[in-house]
Amino acid sequence: MKTVCGLDCSECGMKDSCAGCAETNGRPFGGSCMIAVCCEDKGCKNCGKSFEAPCRLKQQLISEFNALGIKDMEEVTDLNALHGEYINLQYTLPGGQNIEFWDNDRVYLGNQICKKNSDRCYGLTADENYLLVCEYGENGSDAEIVVYKRRK
């Protein structure tokens, strides 16, 4: 499967349900892939860089996550392409309303990082406009929003 960003998708657990990045103009699951959009918009293909190589988008987002200064969060060193269906946790707002932030059909950038001295994890997700850091237990249980903010 040929990708716009240079990722090797041969090991992806969703490769059988993926329509392909290059074949769908960066919309492998119907929604846009922020990596493919960046590669097309910024001309990454023209400069020879890929998402696996030093990618400006990935480095910028890593810097933004680390700048949040979350006390018990390890330093962010890498981000991965994540399908929205896997990361779109449901949160209960103080008024009792349940909400999801992401589109199940898009591809985002993010990571899971263990919380220091805890059995809980931080889930990091970003798109072109927002950063989300949440904290959750096993298999995404008891998810809580730590930071949800507009990107600069």
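Side chains included, hydrogens not; waters and symmetry mates left out as well; all remaining heavy atoms used.
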Please answer whether the main-chain N or O of G137 pairs with a side-chain N or O of D142 as donor and acceptor at a distance below 3.5 Å.
no

Could you please spell out the steps behind the side chain to side chain contact (heavy atoms under 4.5 Å, CB included) verdict for V133 and M73?
CA-CA 10 Å; V133 178; M73 188 171 81; 4.3 Å; yes

Begin with the C-alpha distance, continue with both residues' side-chain angles, and end with the deciding distance and a verdict on side chain to side chain contact (heavy atoms under 4.5 Å, CB included) for I145 and L132.
CA-CA 8 Å; I145 300 167; L132 172 68; 4.1 Å; yes

Nearest 0.5 Å, please: how far is CG in D78 from CG in N80?
5.5 Å

How many angstroms lie between atom CG of N129 and atom CZ of R150, to the nearest 0.5 angstrom?
6.0 Å

Tell me whether N139 contacts the main-chain N or O of S141 through its side chain, where contact means a donor paired with an acceptor under 3.5 Å.
no

Verify whether the ring centers belonging to Y130 and Y148 lie closer than 6.0 Å.
yes

Of all the heavy-atom pairs spanning A126 and L61, show the shortest one and how long it is.
CB-CD2, 3.7 Å

How about Q112 and Y136: does a side-chain donor come under 3.5 Å of a side-chain acceptor?
yes

Could you check whether any side-chain N or O of N66 sits under 3.5 Å from a backbone N or O of I62, counting only pairs where one atom can act as donor and the other as acceptor?
yes

Measuring from atom CD1 of I99 to atom OH of Y91, what distance do you get when rounded to the nearest 0.5 angstrom?
10.5 Å

Note: E128-R151 ion pair, threshold 4.0 Å (strictly below):
no

Would I70 and V146 count as a side chain to side chain contact (heavy atoms under 4.5 Å, CB included) if you check the C-alpha gap in whole Å, the side-chain angles of each, and the deciding distance to 0.1 Å?
CA-CA 9 Å; I70 298 171; V146 176; 4.0 Å; yes

Validation row: S118, D72 side chains within 4.5 angstrom (heavy atoms):
no

Mark yes when over 12 heavy atoms from residues, nucleotides or ligands other than N117 sit less than 6.0 Å from its CG; otherwise mark no.
no

Nearest 0.5 angstrom please: N88 CG to F101 CZ, how far?
9.5 Å

Once you round to the nearest 0.5 Å, how far does NZ of K58 lie from OG of S63?
12.5 Å

Is it true that, when you exclude Q90 itself, more than 12 heavy atoms of the residues, nucleotides or ligands shown sit nearer than 6.0 Å to its CD?
yes

Basic-acidic side-chain contact under 4.0 Å: E64, K149:
no

Under a 4.5 Å cut-off applied to non-hydrogen side-chain atoms, are L82 and V107 in contact?
no

Could you measure the distance from the CG atom of N98 to the OG1 atom of T92? Nearest 0.5 Å is fine.
4.0 Å

Answer whether the closest heavy-atom distance between the side chains of N104 and Y86 falls below 4.5 Å.
no

If you apply the rule side chain to side chain contact (heavy atoms under 4.5 Å, CB included), what do you find for L124 with I113, and how did you get there?
CA-CA 8 Å; L124 289 64; I113 297 178; 4.1 Å; yes

Answer yes or no for R106 and Y108: cation-pi contact, defined as NZ/CZ to six-membered ring centre under 6.0 Å and angle to ring axis within 45°.
yes

Which is it for E135 and K115 under the salt bridge (charged side-chain N to carboxylate O under 4.0 Å, His left out) test, yes or no, and what are the steps along the way?
CA-CA 8 Å; E135 179 185 321; K115 183 176 180 178; 3.1 Å; yes

Would you mind reporting whether L109 and T125 have side-chain heavy atoms less than 4.5 Å apart?
no

